Protein chains: 2
Amino acid sequence: MVTIESSIKVRLVKIGELAKLTGCSVQSIRHYEKEKLLATLRRSDGNFRLYDSATVDQLKFIKHCRSLDLSLAEIRQLIALNQQPGMGCEDVNRMVDSHIEQVALRINELQDLQDKLMALRNSCASQSTVKECGILQTLSVTQK
Amino acid sequence: MVTIESSIKVRLVKIGELAKLTGCSVQSIRHYEKEKLLATLRRSDGNFRLYDSATVDQLKFIKHCRSLDLSLAEIRQLIALNQQPGMGCEDVNRMVDSHIEQVALRINELQDLQDKLMALRNSCASQSTVKECGILQTLSVTQK
DNA sequence: CTAAACTCTATGGTAACTATAGAGTCAAGC
DNA sequence: GCTTGACTCTATAGTTACCATAGAGTTTAG
């Protein structure tokens with residue numbers, strides 16, 4: 001039996017072109033496949049991966065998520081949620097909220113760090129020798 | 001020949017006590033040794049690492065540097081510089097300056113990310129279904 | 001038909017550790 | 001002297017999201 005679908009010609013691309021279309025590296029794509037974020041539609045006779053345009057979109061979605069620093073595990077969750085259109089999307093909101101919180105925490109940490117580094121930097125007046133360097137002296141003092 | 005030093009009794013501690021004294025984990029200490037940041041003064045007959053109080057200070061120095069997020073490679077440099085008391089300390093200043101710059105960059109990146117995440121979060125009004133979730137829709141749209 | 005360009009899998013490397021296994025060491029109590 | 005528990009030893013695998021490489025096979029343009 002030949003289905004209608006099987007007779008429609010679909011443009012399939014190899015991994016290199018998928019990479020160009022999305023701006024991902026070839027290795028990343030293979031990595032996403034291994035991590036089950038992206039499926040390979042099928043293979044050529046010579047075992048090359050072949051992708052359709054839906055996969056291009058899927059990969060763009062992944063790339064967008066990565067640009068927001070979502071982990072592959074989080075993206076996997078989002079993809080799974082996306083496949084349950086009828087469910088409530090509280091889980092999606094929760095994930096984004098917690099991600100925002102983590103980023104905020106990290107920013108605060110780095111801001112503290114920045115303050116400490118500036119103070120450290122101010123403890124040395126550049127034209128000094130290693131022996132008298134305020135930075136090294138400060139680093140040698142046990143902190144609170 | 002017996003030197004004066006060899007007859008002075010020095011209190012030596014094993015790795016577990018060094019860990020307690022400094023707040024580092026035992027594994028970290030062994031890791032720092034492997035990375036040549038910390039030398040083991042000597043070993044007991046049973047091959048246990050033994051440390052003196054100078055090593056305690058050295059490790060505190062390392063810990064202080066790590067709390068400022070300096071890499072082990074940077075710390076290794078600082079230690080080397082510290083052993084050349086007569087030299088100018090411009091290199092120390094340069095390292096701290098560049099570190100400050102890197103942290104500033106990272107803060108800016110995270111701030112951008114935070115803005116994007118907030119915008120994303122605002123695209124969904126919580127009580128929605130996955131199908132209508134503004135977050136998932138936004139993530140599916142190709143960005144600039 | 002050949003050479004360049006592409007793709008395949010498998011493996012090792014990145015940073016700074018943490019965690020584990022399996023074996024040996026040490027100190028105290030009986 | 002012996003056991004028991006706490007400690008230590010080395011070596012290895014795992015963490016994260018890839019990148020780099022080797023060695024082999026595939027495809028395509030000229």
Side-chain angles (χ1 to χ4, degrees), chain A residues 11-51 55 59 61-79 95 99 102-103 106 109-110 113, chain B residues 11-51 55 59 61-79 95 99 102-103 106 109-110 113:
Chain A
R11 194 173 107 85
L12 298 177
V13 298
K14 286 183 287 184
I15 199 168
E17 190 165 353
L18 179 60
K20 265 182 207 154
L21 286 172
T22 57
C24 294
S25 75
V26 168
Q27 296 105 310
S28 295
I29 296 171
R30 288 197 278 243
H31 183 62
Y32 295 154
E33 177 178 329
K34 197 181 299 173
E35 294 293 319
K36 312 221 177 284
L37 295 183
L38 203 65
T40 292
L41 188 66
R42 51 190 173 94
R43 300 279 188 139
S44 74
D45 292 348
N47 201 33
F48 284 13
R49 291 170 177 84
L50 297 175
Y51 301 100
T55 311
L59 184 50
F61 175 89
I62 294 172
K63 208 197 169 197
H64 195 165
C65 291
R66 286 295 299 139
S67 80
L68 296 171
D69 224 27
L70 295 172
S71 69
L72 299 194
E74 287 173 318
I75 298 171
R76 199 166 19 232
Q77 268 187 65
L78 283 181
I79 291 171
M95 181 185 300
H99 201 69
Q102 284 168 42
V103 173
R106 186 69 186 137
E109 280 174 20
L110 287 180
L113 185 58
Chain B
R11 192 173 108 83
L12 298 177
V13 299
K14 286 183 286 185
I15 199 168
E17 190 166 352
L18 179 60
K20 266 182 205 153
L21 286 171
T22 57
C24 293
S25 75
V26 168
Q27 296 104 309
S28 295
I29 296 171
R30 288 199 276 244
H31 183 62
Y32 295 154
E33 177 178 326
K34 198 180 299 172
E35 294 293 318
K36 312 221 177 283
L37 295 182
L38 204 65
T40 292
L41 188 67
R42 52 191 172 94
R43 300 278 189 138
S44 73
D45 292 347
N47 201 32
F48 285 12
R49 291 171 177 83
L50 297 175
Y51 302 99
T55 310
L59 183 50
F61 175 89
I62 293 172
K63 208 198 170 197
H64 195 165
C65 290
R66 286 295 299 140
S67 80
L68 296 172
D69 224 28
L70 295 171
S71 69
L72 299 194
E74 287 173 317
I75 298 170
R76 200 167 15 234
Q77 267 188 64
L78 283 180
I79 291 170
M95 181 185 300
H99 202 68
Q102 283 168 42
V103 173
R106 186 69 187 136
E109 280 174 20
L110 287 179
L113 185 57

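Quick note on labels: first sequence line is chain A, next is B, and so on, each numbered from 1. As the structure is a prediction and not an experimental result, all values here were calculated from the model.
- Contact annotation: Tyr32(B) side-chain N/O to dC17(C) OP1/OP2 distance is under 4.0 Å.
- Toward the 5' end of DNA chain D, the nearer of the two residues Asn47(A) and Gly16(B), judged by each one's closest nucleotide, is Gly16(B).
- Under 4.0 angstrom from either OP1 or OP2 of dT18(C) there lies at least one side-chain N or O belonging to Ser25(B).
- Between the CD1 atom of Ile29(A) and the P atom of dT9(C) there is a distance of 13 Å, given to the nearest Å.
- Remark on DNA chain D: of its neighbouring residues Lys34(B) and Val26(B), the 5'-side contact belongs to Val26(B), judged by nearest-heavy-atom nucleotide.
- Of the options Arg30(A), Lys20(A), Glu33(A), a side-chain contact (heavy atoms from CB on, under 4.5 Å) to Ile15(A) is made by Arg30(A) and by none of the others.
- One interatomic measurement links the two molecules: CG of Leu12(B) to P of dT8(D), which rounds to 14 Å at whole-angstrom precision.
- What separates OH of Tyr51(A) from P of dC6(C) is a distance of 16 Å, to the nearest Å.
- Residues Glu17(A) and Lys14(A) are not paired through a salt bridge, judged by the lack of any N-O separation under 4.0 Å between the basic side chain and the carboxylate.
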- [ ] Could you give me the CA-CA distance, side-chain angles and deciding distance for Leu72(A) and Arg66(A), then say whether side-chain contact (heavy atoms from CB on, under 4.5 Å) is met?
- [x] CA-CA 8 Å; Leu72(A) 299 194; Arg66(A) 286 295 299 139; 3.6 Å; yes

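- Atoms CD (Gln27(A)) and P (dC8(C)) sit 11 Å apart, rounded to a whole Å.
- For His99(B) (side chain) and Leu68(B) (main-chain N/O), a donor-acceptor pair under 3.5 Å exists by modelled atom type.
- The residue Arg30(B) sits close to a base: some heavy atom pair falls under 4.0 Å.
- Of the candidate nucleotides dT18(C), dC18(D), dC7(D), dC7(D) has the atom lying nearest to any side-chain atom of Phe48(B).
- Each of His31(B) and Lys14(A) lies near DNA chain C, and the nucleotide nearest Lys14(A) is the one positioned closer to the 5' end.
- In the set dA16(C), dT26(D), dC19(D), the nucleotide with an atom closest to the side chain of Leu72(B) is dA16(C).
- Between the CG atom of Leu59(B) and the P atom of dC17(C) there is a distance of 11 Å, rounded to whole Å.
- Rounded to whole Å, the distance from CD on Glu33(A) to P on dA17(D) is 17 Å.
- Residue Tyr32(A) holds its OH atom at 6.5 Å from CD1 of Ile75(A), rounded to the nearest 0.5 Å.
- Among dC9(D), dC18(D), dA16(C), the nucleotide with an atom closest to any side-chain atom of Ser71(B) is dA16(C).
- Listed pair Arg43(B) / dG24(C) fails the phosphate criterion, with no side-chain N or O lying under 4.0 Å from OP1 or OP2.
- In this structure, the CZ atom of Arg66(B) is 10 Å from the P atom of dT18(C), given to the nearest Å.
- Going from atom CG of Asp69(A) over to atom P of dC18(D) covers 10 Å, rounded to whole Å.
- One finds a side-chain N or O of Ser44(A) lying less than 4.0 angstrom from the OP1 or OP2 phosphate oxygen of dT27(D).
- Distances shorter than 4.0 Å separate some side-chain N or O of Arg49(B) from OP1 or OP2 on dC9(D).
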